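Let me begin by presenting the structure, written as structure tokens, before commenting on it.
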Amino acid sequence: MAAAGHLRPGSYLGDVSALSFLPSSPRPLLLAGTGSELLVYEVGAARLLAAFQVFDGVRVHGIELRVGRPHCSTHSLAVFGERRVKLLSLGLRVSADGSDVSDLLLELDQRLPGFDHWVLDARFLEVDGLLAIGLSDNSVALWDLSKRVLVTRVKSPDKCLLYSMRMWGDSVRQLLVASGTILNEILIWKLAPQNLRSSFLRSYEGDTSGVNDSETIHLGDNQYMTVHLGRIKEHEGSIFRIAWSSDGSKFMSVSDDRSARLWMLSFKSPSFVNQPASQDSVEIIPKLTLFGHNARIWDCYVSDSIVITAGEDCTCCIWGMDGKLIKMFREHIGRGIWRCLFDPSSLLLVTAGFDSAIKVHHLRDSIFHDKAEDKVVCNSLNYDSEVFVLSSPSVLGQCGPLDSKSEYVRCLHFAEENVLYVATNNGYLHHAELSNIEDVRWTEIIQVTEKAPIICMDVMPTYSNHSLNREDVIALGDGRGNVTIVRLTSGSIEPKVKLSFTWPAEKDRQLLGVYWCKSLECSHIFTADPRGVLKLWNIRDALFSSTDVINAPQKCPLISVFESSFGARIMCLDASPREEILIAGDKKGNITAFPFPKILVLHDSCVMQQKMPSCDRFKGAHGISSVTSVNIKDSISDHIEIHTTGGDGCICFFKYGRNVRKIDFFGMRQVKELGTIQSIYTNLAPESQLSTYAIGFTSADFIIWDLENETKMAQVSCGGWRRPYSYYLGMVPEYQNCFAFVKQDHDIHIHRHWASTQDKKLLPQVLHLQFHGREVHSLCFIDPASYSNLENCSDLLIATGCEDGTVRLTGLLTCSSGRWCSSKLLGEHVGGSAVRATCFIPRTYTITDKSCNYSLNDISDNIALENKDETFLLISVGSKQVLTTWILQPRIENGQVCLNGLDVDSKQSSKNLESGDLAMSFQWLTTHMPPKLTRNRLKAGHIKHSEEGNSSVVQPNLGVMDHMENDWRYLSVTAFLLKHPVLRLTVCFVVVACSDATVVLRALLLPSRLWFDVALLVPQASPVLVLRHIIINASHCKDDAGDRYLIVSGSTDGSITFWNLTETVHGFMQLISEMQPHVSIDCQKRPRTGRGNQGGRRRWSSLANHSLKKRDGDISPPDGSNLSTPYVSENSSETSAVDNTQNVVHEGSEGSNSEIPSSTQSCEIPELRPIQLLSGVHQSGVNCLHISYSTPDKSYCIISGGDDQAVQCFIFTIGSLENCSTTTARLDSHDNGILKILYQHKVPSAHSAAVKGIWTDGAWAFSTGLDQRVRCWKIGSSGKFTEYSHAIISVPEPETLDVFHDRAKTNYQIAVAGRGMQMVEFSPPEDD
């Protein structure tokens, strides 16, 4: 709790800039510096032990640990940042049983005076009792630890600015300094006693520069001088980081030139370091040059066996001393990995970067650990990881080109880690026992009739009721259209065929798939043909027949036929007899729902063959990429959840209403690391934390990706997914996974990593929350009233938009010292376009205009409905004029286990949280994309003239238009929700400001997701940077005209403008109520993925000549309406891209040919002129603006901040809005038109840099600026405001600010974001 009347900076969530291991009993701890905080983690348990505020607004850049006695409970460390150094004492209190750290205490031991240059490194010199501090002017300061005084400062002969410096040694005599300059050079120098001056000069007079500039220093009774040992010029870029080996014999340097170089120090006299009096000379020898990063390299580590580098490309590379790349991690996002840390004793590798995440890897337990341990630990056993090659007996010896009669592997399928089934082109099915890779036992199971090729195979493991032996039921589909079922039991020596039978399912070459369904067990099986037809066969009687004849003919009746209207081959399916639904995904990315009555699969059912029509379908669920898996999830709500994966690298979430029987899209997660996702796997290890994995491929590699920890668990180069392959995962995929694939040499290559998990504990991968990887441009609080009971609310949710195009929802536990608890990725804007502004809509208003046709009884009847079905929306806008809408969806306790794992990108261990997950989330609702450059936005260079007869015709310059198509970006947004009192329609009015100096009013119809352009707000001479809206309640107005809707904007020219939207809004609502376009127009279904047909070059469809067809005859707008026929801005490019057609057809009814205008259509919309323009409010751009309402005097308070560093506040009332024209005035003018200025006040230099964020409630105001300060202002009754308090924050370059006023606790929670995000708490004095 903040002290009353003071601002208290809270938790910072941003880049991690320092890492260090702290030896501790019973296990090492990890120290991390983020912002001004020092975090202490227990790595094994992924537990945050403590967080300490070390500096005031200064970022922690480095942590240096003082070597102490083993098992000491108190550790000394030096923490430095910018120009400051502090010596701290960290005390540990271990639990009674010695197994856990129960308490931590951090005390300030010494505070060093501020330096005139930045501190780059610190080193404890234990022999001399000194602390060496390396500074950016290429000097070293020596601090006496016992006397607590600065002894001296040693300057290098080469005086230049540095990017990096690292020191090595335990004494002044041993101290070696490596300096990375801004001139792409590395300088190696040291300290030497003064009596060696002549010896040094004689040694280097032949080939050394700079020694003549050596300086003499005094240290106690000794005189020291600095000696230049070498200069390295091989790098072609600035030196960002240098790392010494533990013995000081070599060092590593990384640079802006994307290279890492290893250097050896060769001393001609072995006593050079310890006895400088007898030294002769030193030689710097280049050892290795490593290239492999695609961007600048930020950090490095070197030991006797491995080299580690981390860079701006978000990769961490592990290299052998031979220069070969052993492993590469790519699990961070954004601007790169700042720090990497390796502990040779435990083989723990820790990386941290701009995205705030701290990720831990255990090299020994990695899938590539055999290579890593060969380099790191020579005596390690590699028994649990195997790579071997085998060949099917029937394929062995095959060589040369293949034809239709050649023998080769068609299908692979793991039944368990030691059992692999292989099907071939000549109809053979083989069983391979892999327990002993030196002696693989092959068993020929069967050859299908007529030696037909086996086209498809599926295996269902079962267990006998009488024994624990596993039985495998194998379904084979061959080229003749026959299905063969084989039932095998595991024998002591080889498997035994217990039963097999065959029946014709399709014509020749028409059987492409056989599918078991787990919910149906082995009693029924599905077959698929090329035309999208599924057939369900009953094989219960045949499979469990009492006959002893293996190949006895059996009768397998056809139960049902399911035919997809898309006509594409079914690739996957899932059926739920309990929910009576079947979901099938096809090759062209569509999913179809079929009724699946329970009677079809009842044991005593005698259902005759019947055809099941589809009950709903969803076109383009995965674009035009194949659907690879379908999973129906149980749910206690009124809808069924459906999870699908596809070849577009996406996981899509749908819901199917039990009553309405319609498939609705409600979420998607794109896994950028995978080109295609084959399936989702959830581990069920009882002792491990629940994790979800995506199994898929890149262009040539098989990958297992941990979705919760954003970690690559396995990677195998296999040539891609088009070759025969199979995989099998154990309870813990990190330790148990198998993958087999066929290469062009017809051999089967198997990678198996299978270790017992009983004696191994899963190492958590993520210690600190992963946040945005780039700058945050916008944030807004989510009102807790929209998702929880305020009395029991202990967490706050903040939505943020980032430069990389992502939108996140981050949770803060206010009852746990303000710690961040979770950060969920909501989604990404199309093409990764930067998010510039966000807006949360906390409430819905009911329109009360008399022009709408309804009765008072209708209103009263619908009030309850409005309160029950409240809608909460989040709007995000940004580059390329992308406008995305998200809808709030409270989480359901049951039936969400898998979804939580897929959605939550990073969260700390439940041991560290009071609340494990978010109580709610936002789901994607719709995305509005702009048309091509329209004539409304043409400028002088965008048109051309052509002569036709005697007239001059102005035409668009298409070349310029195409070039300028995506150059514009949205800068700000504001929105409000209106509900029609009679119709079940809610309209979201969205006002967006674009960088081309236009402001547009758009309307989103819910739930149909239709977009309309309603009005253009003109004129604007300068781009608008900030938008806000005012809704004047009808009770505050003297007339009976209903609510009033105003827009307030701040522009780059320093002006503030007011628009009246009331008539436009009422006219649009009346038009919608009469035309009801949502009935006849299809809506946008899912967002773009950026892959397949939905990515790459955008497909624009032009339907400018088509008009909106009216439902049930022609309906004309009412007379006198100021709106033309609405421009339907529905984003049909999603569907048109999939259809590859120009016209979008409404899919609600079969055979409908209704054509709708595309979002790319250009049409004329009404123009609205401002009612008031206040010029000269700021000398330059208005960066931020906020409005509050005062109930007693019914006045409004506007406070704004600008580039001129000023904060302006004025309090006003609004007069009559009837028949008002544009009025231009200055704020200090007496004639302000419809605005009656009551009070105004301005603080010219409120901040020492541009003001970027501001907020007020009329009593208190909070602002932030580029000066990295948050200031609190007290607003008096006369409108005059004064600074009450201020705080220095850890967020560099703040961009935005928002405040949540907790009236129950009478405090303010202030969130500031830029390069990271930080909370600041303010509690007003009790007298206020």
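Just so it is clear, the values below take in all heavy atoms, side chains as well, and ignore hydrogens, waters and symmetry mates. A quick note: this is a predicted structure, and the numbers were derived from the prediction, not measured.
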CA sep, side-chain torsions, deciding dist, call: Met1317, Thr810, side chain to side chain contact (heavy atoms under 4.5 Å, CB included): CA-CA 10 Å; Met1317 181 168 63; Thr810 304; 4.2 Å; yes
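- Formation of a donor-acceptor pair under 3.5 Å by the Arg66 side chain with backbone atoms of Ala78 is not found in this model.
- Ile186 has its side chain within reach of Ile242: a pair of non-hydrogen atoms, C-beta onward, lies under 4.5 Å apart.
- Contact of the Gln1309 side chain with the Glu1321 side chain is registered, since non-hydrogen atoms from C-beta on lie closer than 4.5 Å.
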Derivation of the side chain to side chain contact (heavy atoms under 4.5 Å, CB included) call for Phe771 and Val776: CA-CA 10 Å; Phe771 193 52; Val776 178; 3.8 Å; yes
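- The OG1 atom of Thr1264 sits 12.0 Å away from atom NE2 of His1286, with the distance rounded to the nearest 0.5 Å.
- Minimum interatomic distance between Trp244 and Leu265 (heavy atoms only, all atoms of both residues): CZ3-CD1, 3.4 Å.
- Between the CG atom of Leu125 and the CG atom of Leu175 there is a distance of 5.5 Å, given to the nearest 0.5 Å.
- Looking at Val40, Leu341, Val60 one by one, the single match for side chain to side chain contact (heavy atoms under 4.5 Å, CB included) with Leu31 turns out to be Val40.
- Counting only distance, with no hydrogens or angles, the side chain of Ser36 and the backbone of Val58 share a donor-acceptor pair below 3.5 Å.
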Derivation and outcome, side chain to side chain donor-acceptor pair (under 3.5 Å), residues Trp263 and Ser253: CA-CA 8 Å; Trp263 313 90; Ser253 61; 3.0 Å; yes
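- Taking Val1291 as the reference, Tyr12, Ile1289, Gln1318 meet the side-chain contact (heavy atoms from CB on, under 4.5 Å) condition, with sequence neighbours excluded.
- Nearest heavy atoms, Ala357 versus His332: O-CE1, 3.3 Å.
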Residue pair Arg335, Asp355: steps toward the salt bridge (Lys or Arg N to Asp or Glu O under 4.0 Å) verdict: CA-CA 8 Å; Arg335 295 199 179 275; Asp355 62 355; over 6 Å; no
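- Nearest heavy-atom pair across Phe1262 and Leu7 is CE2-CD2, 4.1 Å.
- In this model, a donor atom of one side chain and an acceptor atom of the other lie less than 3.5 Å apart for His1247 and Asp1267.
- Using a 4.5 Å heavy-atom threshold, the side chains of Asp256 and Phe240 count as touching.
- At distances below 3.5 Å, at least one donor-acceptor pair connects side-chain atoms of His768 with backbone N or O atoms of Ser356.
- Of all non-hydrogen atoms in Cys314 and Gly334, the two that sit nearest each other are SG-O, 3.3 Å.
- Distance alone, capped at 3.5 Å, places no donor-acceptor pair between the Asp170 side chain and the Glu126 backbone.
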Worked verdict on Ile358 versus Gln770 for side chain to side chain contact (heavy atoms under 4.5 Å, CB included): CA-CA 8 Å; Ile358 302 176; Gln770 187 169 46; over 6 Å; no
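- Atom OG1 of Thr34 sits about 7.0 Å away from atom CZ of Arg59, to the nearest 0.5 Å.
- Put simply, CG on Asp103 and CG on Leu49 are 9.5 Å apart, with the number rounded to the nearest 0.5 Å.
- In this structure, the side chains of Val140 and Trp189 come closer than 4.5 Å at one or more pairs of heavy atoms.
- Nearest heavy atoms, Arg83 versus Val119: C-CG2, 4.1 Å.
- A search for side-chain contact (heavy atoms from CB on, under 4.5 Å) contacts involving Arg241 returns Arg166, Val254, Asp299, Cys300, Arg339, not counting sequence neighbours.
- Residues Gln174 and Trp168 have side chains that never bring a donor and an acceptor to within less than 3.5 angstrom of each other.
- For Trp1273, the ring-ring contact (aromatic ring centres under 6.0 Å, His included) criterion is met by Phe1281, not counting sequence neighbours.
- In this structure, the side chains of Val54 and Lys86 come closer than 4.5 Å at one or more pairs of heavy atoms.
- Scored by the ring-ring contact (aromatic ring centres under 6.0 Å, His included) test, Phe124 finds no partners at all (sequence neighbours excluded).
- Contact of the Phe21 side chain with the Leu30 side chain is registered, since non-hydrogen atoms from C-beta on lie closer than 4.5 Å.
- Under the ring-ring contact (aromatic ring centres under 6.0 Å, His included) criterion, Trp338 pairs with Trp298, sequence neighbours left out.
- Without hydrogens or angle criteria, Lys190 side chain to Arg173 main chain gives a donor-acceptor distance under 3.5 Å.
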Intermediate values then yes/no, salt bridge (Lys or Arg N to Asp or Glu O under 4.0 Å), Arg231 and Glu185: CA-CA 7 Å; Arg231 183 191 305 271; Glu185 297 177 339; 3.0 Å; yes
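- Residues Asp15 and Ser17 have side chains that never bring a donor and an acceptor to within less than 3.5 angstrom of each other.
- A search for ring-ring contact (aromatic ring centres under 6.0 Å, His included) contacts involving His61 returns Trp118, not counting sequence neighbours.
- Nearest heavy atoms, Thr351 versus Cys316: CG2-SG, 3.8 Å.
- Here the straight-line distance linking atom CD1 of Ile182 with atom CG of Leu161 works out to 5.0 Å at 0.5 Å rounding.
- For Tyr301, the OH atom counts as densely surrounded, since its 6.0 Å shell holds more than 12 non-hydrogen atoms of other residues, nucleotides or ligands.
- Two residues are said to be in side-chain contact when any heavy atoms from C-beta on lie closer than 4.5 Å; Arg148 and Trp143 meet this criterion.
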Chi angles and distances behind the side chain to side chain contact (heavy atoms under 4.5 Å, CB included) call for Leu131, Arg123: CA-CA 6 Å; Leu131 175 68; Arg123 180 81 180 179; 5.7 Å; no
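- Asn138 and Ser156 are linked by a side-chain donor-acceptor pair at a separation below 3.5 angstrom, with hydrogens and angles left out of the test.
- Side chain of Asp144 to main chain of Leu130: no donor-acceptor pair is present (N/O by atom type, distance under 3.5 Å, no hydrogens or angles).
- Here the straight-line distance linking atom CD of Glu42 with atom CG of Leu29 works out to 6.5 Å at 0.5 Å rounding.
- Residue Arg84 places its CZ atom among 12 or fewer non-hydrogen atoms of other residues, nucleotides or ligands, all under 6.0 Å distant.
- If you check the side chains of Ser89 and Thr74, you find no donor sitting under 3.5 Å from an acceptor.
- Side-chain contact check for Val177 versus Ile188: every heavy-atom pair is 4.5 Å or farther apart.
- No donor-acceptor pair closer than 3.5 Å links the side chain of Glu1293 to the backbone N or O of Arg1315.
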